[in-house]
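Written below as structure tokens is the structure these notes are about.
Worth knowing before you read on, the calculation uses all heavy atoms, side chains too, and leaves out hydrogens, waters and symmetry mates. As the structure is a prediction and not an experimental result, all values here were calculated from the model.
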Amino acid sequence: MKDTFKNDINIGLSANEKSLPSKYFYDKIGDALFVKIMNLPEYYLTKAEFDIFKNQTQDIIDTLKIAPDTYFELIELGAGDGTKTKELLKVLSHKNYAFEYLPIDISLNALEQLETRLSKELPKVKVTKKQGDYFEVLEGLKNSHHPKVVLFLGSNIGNLGDAEAKTFISNLSDALNKNDKVLLGIDLIKPEHIVLPAYNDKAGVTKAFNFNLLHRINSELEADFNLQQFSHTPEYSENTGIAKSFIVSDKNQNVTIGALNKTFQFKAGEKIHTETSRKYNDDVLGSILKNSDLSIVTKLLDSNKYFADYILEKR
Ligand SMILES: C[S@@+](CC[C@H](N)C(=O)[O-])C[C@H]1O[C@@H](n2cnc3c(N)ncnc32)[C@H](O)[C@@H]1O
């Protein structure tokens, strides 16, 4: 893991346009900061998707078309703290559905906390956690022939560029069997005054989350980033529907990463791209799903129409 981290950081910071992979936000500190983000007044995404999971649980279950006595696997990619999923697990468990919950996440800390909470709150639910990058874990899904429902919530797919999202959807589709389902949560394109504050809150939690990448590089790869000399600058365009977070160098400066035995130069105003958060509409989703074997069965919206959970079925 440490070698992959080191190599990815080296590749990202050596490029002409510097970038850092967003999956490295999530260590113990990053997980806790993300929980704080989900509770921020500006971060509408979690509240909107929770509204769907809380108030349309039975619609979700009906659309999945699974009989209570048919054993199935409920697989979640990038499960995080599972707050929304718990609403679905509660009903499935109370109605005695035969299933196993398989959360997959890159953060072992997030998985362990989720497992502990579920064992207390929903002891009947069988949980098998799996740590790893969901791009790699997809392959392993093919080994099981049980019916599958894959949850990919929180607009996690928005962290991928469109070409990457197409490849991801096509790999996911290949890992599934006919009639398996995907529940895909996506944030919808909306005006800047709603979107941008979600990535630039007044209390500075999203800034701390973004800067956690530099903290991790400092502490895990013996680097000397001076966090006082960088700024957090998210951008969003309603035309493209794409939000991007950057860390910008406030001055000309050098940063040495001990574990790489290498010094990186940053010019004043130079950007490090740290996260993409693509927003969707039906057309964008249609082009991502095109050429895959996944078809839209239904689309569930929250009461503000900010967020959509699509239920997809493998043909
Ligand atoms: C934005 S949070 C969303 C959590 C949850 N899906 C939700 O909707 O509340 C993203 C989660 O995905 C995990 N994650 C991010 N990139 C990942 C990757 N490439 N592979 C596996 N997990 C990843 C993170 O550790 C984190 O728990």
Item checked: Given I186, D162, D283, the one that forms side chain to side chain contact (heavy atoms under 4.5 Å, CB included) with I288 ->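 Exactly one candidate clears the test, D162.
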Between [Y] and [X], is the closest basic N to carboxylate O distance under 4.0 Å?
X	Y	result
K251	E270	no
K279	D187	yes
K299	D282	yes
E220	K2	no

[X], [Y]: one ILVMFWY side-chain cluster at the under-4.5 Å cut-off?
X	Y	value
F135	I106	no
L102	L184	yes
L153	L92	yes
V35	L213	yes

Looking only at heavy atoms, which two atoms of [X] and [Y] are closest? And how far apart?
X	Y	value
K190	Y236	O-OH, 2.7 Å
I257	A223	CG1-CB, 3.8 Å
D309	G185	OD1-CA, 3.1 Å
R315	S292	NH2-O, 2.8 Å
A48	Y306	CB-CB, 4.3 Å
L300	I52	O-CD1, 3.5 Å

Check: Between F225 and F211, does the ring centre distance come in under 6.0 Å?
Finding: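 No: the rings miss the under 6.0 Å criterion.
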Check: Does Y44 have its ring centroid less than 6.0 Å away from the ring centroid of F307?
Finding: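 Ring centroids of Y44 and F307 are no less than 6.0 Å from each other.
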Do [X] and [Y] have side-chain heavy atoms sitting under 4.5 Å apart?
X	Y	result
F53	L183	yes
T298	D59	no
V127	V125	yes
F34	Y43	yes
N210	T206	no
T276	I242	yes
D81	L114	no
P234	L196	yes

Next item on the list: List the steps and the verdict of salt bridge (Lys or Arg N to Asp or Glu O under 4.0 Å) for E87 and K54.
Entry: CA-CA 6 Å; E87 294 303 307; K54 174 106 191 137; 3.6 Å; yes
For [X] and [Y], which I'm curious about, is there any donor-acceptor pair between the side chains at under 3.5 Å?
X	Y	answer
N226	Q229	yes
Q113	K28	no
N159	S22	no
E115	S119	no
T256	T263	yes
N304	K47	no

Is it the case that over 12 heavy atoms from other parts of the model lie below 6.0 angstrom from the [atom1] atom of [X]?
X	atom1	answer
K244	NZ	no
I296	CD1	yes
Q228	CD	no

Counting distance only, does the side-chain N/O of [X] pair as donor-acceptor with the main-chain N or O of [Y] below 3.5 Å?
X	Y	answer
D105	A79	yes
N281	I189	no
T274	S245	yes
D180	N177	yes

Notebook entry, point to check: Just one of Y199, Y24, F25 clears the ring pair (Phe, Tyr, Trp, His ring centres under 6.0 Å) bar with F209, so which one?
Noted result: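 In the set Y199, Y24, F25, the residue that makes a ring pair (Phe, Tyr, Trp, His ring centres under 6.0 Å) with F209 is F25.
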Notebook entry, point to check: In terms of ring plane angle, is the pair F246 and H273 parallel, tilted or perpendicular, where the classes change at 30° and 60°?
Noted result: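 Rings of F246 and H273: tilted, 30 to 60°.
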Next item on the list: Indicate the ring-plane relationship of F72 and F99, choosing parallel, tilted or perpendicular according to the 30° and 60° boundaries.
Entry: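 F72 and F99: parallel rings.
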Margin query: Please determine whether salt bridge (Lys or Arg N to Asp or Glu O under 4.0 Å) holds for the pair K148 and E100, giving the CA-CA distance in whole Å, both sets of side-chain angles, and the decisive distance to 0.1 Å.
Written below: CA-CA 10 Å; K148 297 183 194 71; E100 181 175 354; over 6 Å; no
